[in-house]
Number of protein chains: 2
Amino acid sequence: MKKNKQIQEWAAIWREGRTIFIIDQTKLPFNLEIVELRSYIETANAIRDMLLRGAGTIGVAAGYAMAQAFAEYSTIKELEKAKLYIESSRPTAQNLFYATNRVYEEARNAENSDKKAFETADQILHEDEKHSRIMGELGAELVKDGFRILTHCNAGKLAIQGWGSALAPVYVAHKQGKNIFVYADETRPRLQGAQLTAWELHQAGIPHAIIADNAAGYYMLQKKIDIVFVGADRIARSGDVGNKIGTYEKAVLAKENGVPFYVVAPCSTIDFSCTCGADIPIEVRSPDEIKKTGNMLIANPESDAFNPAFDVTPARYITGIITEKGIHKPEDIHTLQ
Amino acid sequence: MKKNKQIQEWAAIWREGRTIFIIDQTKLPFNLEIVELRSYIETANAIRDMLLRGAGTIGVAAGYAMAQAFAEYSTIKELEKAKLYIESSRPTAQNLFYATNRVYEEARNAENSDKKAFETADQILHEDEKHSRIMGELGAELVKDGFRILTHCNAGKLAIQGWGSALAPVYVAHKQGKNIFVYADETRPRLQGAQLTAWELHQAGIPHAIIADNAAGYYMLQKKIDIVFVGADRIARSGDVGNKIGTYEKAVLAKENGVPFYVVAPCSTIDFSCTCGADIPIEVRSPDEIKKTGNMLIANPESDAFNPAFDVTPARYITGIITEKGIHKPEDIHTLQ
């Protein structure tokens with residue numbers, strides 16, 4: 001496992017020469033397996049098969065895949081074929097297209113195109129790290145000693161290089177020596193909180209407990225949660241935030257209980273073409289994610305299940321949105337354009 | 001399987017002579033197994049091992065166990081020993097003590113004590129059925145044709161004889177020919193919604209879908225839920241309601257979205273010795289219920305998990321409480337004493 005002391009002891013993705021290394025997130029938290037990706041096809045397939053996930057990590061991997069293609073091929077025809085293959089791996093991931101386009105455009109006319117391609121992909125990774133650190137520093141100013149923090153899903157270092165987004169203030173507050181405690185919503189149906197966030201917090205030695213999503217309100221009413229940090233999948237001009245299903249429930253409960261509710265996400269998450277939350281498309285996933293755990297059926301077999309993967313939290317429930325440019329009122333998000 | 005046409009096609013518990021029959025609820029929804037309980041010890045053990053669950057069903061079973069003891073023994077010493085054994089099976093279940101005491105007191109001085117004991121236990125069952133039907137009729141008046149109903153956990157026929165509590169208005173509205181649809185919260189961590197409520201609704205042919213607890217707010221915000229019915233484990237004088245963890249979250253979301261939120265529970269659920277919700281004790285159960293499904297670990301092994309099994313919904317979020325005596329404002333509950 002790579003020792004990356006600067007950002008703690010591990011990273012979700014890194015490169016050595018032309019080889020990309022990733023943590024296989026499908027194996028977490030039970031096994032920590034590092035996978036080597038030696039060609040653009042291997043890297044694209046790792047994105048497609050969800051060995052890696054999280055907006056930032058997908059973007060970085062796509063950038064590296066494009067760079068690997070530059071190392072493998074030289075004709076425009078071959079490179080464009082590779083680009084299309086990479087872009088077909090997770091067709092809805094905005095960061096993926098941003099990264100392949102940027103690497104492709106910067107490298108294709110360069111003298112040493114494969115060197116330029118890898119440098120550009122590195123730069124995307126470093127920008128993510130930089131943004132994550134700024135968001136972490138900004139968010140940590142809101143975290144007082146003794147704070148008990150709620151988070152939902154996984155918006156940590158597995159998802160965005162550096163310190164993640166929602167978890168960035170948590171990592172920074174912990175490094176600052178503040179005594180904090182994190183409640184990690186398990187985040188049904190895919191359990192990213194119980195599996196990925198809990199794994200990250202454990203690695204970092206940050207005190208925490210997993211709770212059923214049902215219990216977050218209970219702890220808020222008991223005055224045991226001081227602040228909420230969540231990530232975002234897409235932010236509309238209005239400040240409405242699309243994020244993992246259940247985020248809206250936590251936001252309403254936080255407002256009702258006077259608990260500050262912050263969204264942490266880089267500016268790249270803002271979609272200025274979305275006027276408001278109603279424009280944010282909601283992916284509906286397979287009922288099997290609700291009805292099965294692994295191959296084990298856990299629900300009445302003959303019943304249908306509905307599985308919206310995301311919801312939209314209206315801006316009025318959000319105390320602030322933390323980006324690399326500052327802490328904004330949701331209604332001011334459009335001014336960042 | 002017993003055909004009980006009067007209350008639909010099945011019952012959670014019934015007797016034939018001195019033998020008690022139950023549906024083994026630990027096997028649902030995957031297998032429908034009927035268990036015969038031929039002695040008070042077998043019946044008490046079935047309560048202890050949770051082959052049956054739900055306040056009403058536990059009470060009825062305890063009454064029958066006490067009656068079986070009257071059939072097996074005749075001395076006060078033997079009967080009191082049996083009573084203690086039955087009462088030790090689920091020591092926190094209020095209905096259990098009510099049933100054993102009532103059967104014991106009414107039978108012990110009767111001429112034909114075992115006959116009287118079984119009749120008294122039958123009477124407890126029939127009272128539950130009667131109360132359930134009244135609550136169902138009252139609640140169904142609130143359900144208009146086309147309504148989409150949310151429920152949490154299982155407060156159906158498996159839990160209370162007749163039509164259950166929270167599900168009673170659903171069964172009645174369906175029988176009335178109203179076109180209804182039920183969203184069943186899966187109800188983590190024990191999944192009573194996905195497993196038991198979904199099973200009941202399927203048996204009755206009532207259109208429904210299981211959703212992650214995280215998705216209930218999403219559907220409310222989408223204006224796809226018209227009314228919420230939940231059960232109760234204990235109701236305080238103040239009208240605050242203790243119920244399955246997550247009930248509070250749904251109540252807050254319902255109020256925020258203008259969705260009527262009703263608690264359905266017989267008067268026996270009201271604990272007049274509890275002044276307010278803060279007096280209702282909250283059982284905290286094993287972290288393994290969060291971290292495992294069956295024997296399969298589904299969370300980060302080294303992380304702790306907190307598992308409060310119940311929460312308290314303050315009266316201000318509750319539109320009404322439906323008992324066998326009528327539909328009450330929560331703040332009027334104390335007048336039922």
Side-chain angles (χ1 to χ4, degrees), chain A residues 28-30 152 183-189 191 193-199 201-202 207-219 221 244-249 252-253 255-257 282 287 289-291 293-294 296-308 310-312 314, chain B residues 28-30 152 183-189 191 193-199 201-202 207-219 221 244-249 252-253 255-257 282 287 289-291 293-294 296-308 310-312 314:
Chain A
L28 289 179
F30 308 110
H152 191 71
Y183 291 88
D185 278 350
E186 63 176 356
T187 316
R188 283 281 295 157
L191 297 170
Q195 298 189 343
L196 303 181
T197 296
W199 181 85
L201 294 171
H202 174 70
H208 68 284
I210 303 161
I211 57 172
D213 304 301
N214 278 326
Y218 170 80
Y219 286 110
L221 187 61
K244 186 62 53 195
I245 190 75
T247 303
Y248 164 68
E249 294 198 355
V252 170
L253 287 156
K255 188 168 193 189
E256 186 69 14
N257 286 286
I282 301 295
E289 290 187 347
I290 306 279
K291 293 178 66 179
T293 292
M296 189 198 300
L297 198 57
I298 58 168
N300 186 50
E302 298 86 359
S303 296
D304 199 2
F306 294 165
N307 185 18
F310 302 96
D311 61 26
V312 174
Chain B
L28 289 179
F30 308 110
H152 190 70
Y183 291 89
D185 276 350
E186 63 175 356
T187 317
R188 281 282 295 157
L191 298 169
Q195 298 189 343
L196 303 181
T197 296
W199 182 85
L201 294 170
H202 174 70
H208 67 283
I210 303 162
I211 57 172
D213 303 300
N214 278 327
Y218 170 80
Y219 286 110
L221 187 62
K244 186 63 54 197
I245 190 74
T247 303
Y248 164 68
E249 295 197 355
V252 170
L253 287 156
K255 187 168 194 191
E256 185 69 15
N257 287 285
I282 301 296
E289 290 187 348
I290 306 279
K291 293 177 66 179
T293 292
M296 190 199 300
L297 197 57
I298 58 169
N300 186 50
E302 297 86 359
S303 296
D304 200 2
F306 295 164
N307 185 17
F310 302 95
D311 61 26
V312 174

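Values below: all heavy atoms of this structure, side chains included; hydrogens, waters and symmetry mates excluded. Note on naming: letters A, B, ... go to the chains in the order of the sequence lines (proteins, then strands), and numbering restarts at 1 for each one.
In this structure, chain B has heavy atoms under 4.5 Å from both the backbone and the side chain of A/Glu249. Only the side chain of B/Leu191 has a heavy atom closer than 4.5 Å to any heavy atom of chain A. At a 4.5 Å heavy-atom cutoff, the contact between A/Tyr183 and chain B is made by side-chain atoms alone. Neither the backbone nor the side chain of A/Ala184 comes within less than 4.5 Å of any heavy atom in chain B. Contact of A/Ile290 with chain B is made through backbone and side chain together, with heavy-atom distances under 4.5 Å. When heavy atoms are compared at a cutoff of 4.5 Å, A/Ile282 approaches chain B solely by way of its side chain, counted from C-beta outward. Looking at A/Pro287, neither its backbone nor its side chain comes within 4.5 Å of chain B, counting heavy atoms on both sides.
Contact annotation: the side chain of B/Ser303 never approaches that of A/Trp199 to less than 4.5 Å [non-hydrogen atoms, C-beta and beyond].
When atom types are taken as modelled, the side chain of A/His208 and the backbone of B/Asp304 share no donor-acceptor pair closer than 3.5 angstrom. No donor-acceptor distance shorter than 3.5 angstrom exists from the side chain of A/Lys291 to the backbone of B/Ile210, with no hydrogens or angles considered. Side-chain atoms of B/Asp213 come within 3.5 Å of backbone N or O of B/Arg188 as a donor-acceptor pair. When atom types are taken as modelled, the side chain of A/His152 and the backbone of A/Gly193 share no donor-acceptor pair closer than 3.5 angstrom.
Of the listed residues (B/Leu28, B/Asp311, B/Thr197, B/Asn214), the one with the most heavy-atom contacts under 4.5 Å to chain A is B/Asn214. Contacts with chain B were tallied for A/Leu221, A/Val252, A/Val312, A/Thr293; A/Leu221 has the most, counting heavy-atom pairs under 4.5 Å. The residue among A/Pro314, A/Gly294, A/Pro301 with the most heavy atom pairs within less than 4.5 Å of chain B is A/Pro301. Interface check for chain B: of the options A/Ala194, A/Ala216, A/Pro207, the most heavy-atom pairs under 4.5 Å are formed by A/Ala194.
Listed here is the closest heavy atom pair of B/Leu253 and B/Asn257: O-ND2, 2.9 Å. In terms of heavy-atom proximity, B/Tyr248 sits nearest to A/Gly217 at CE2-O, 3.3 Å.
Atom CG of B/Asn300 and atom NE2 of A/His202 lie 6.0 Å apart (nearest 0.5 Å).
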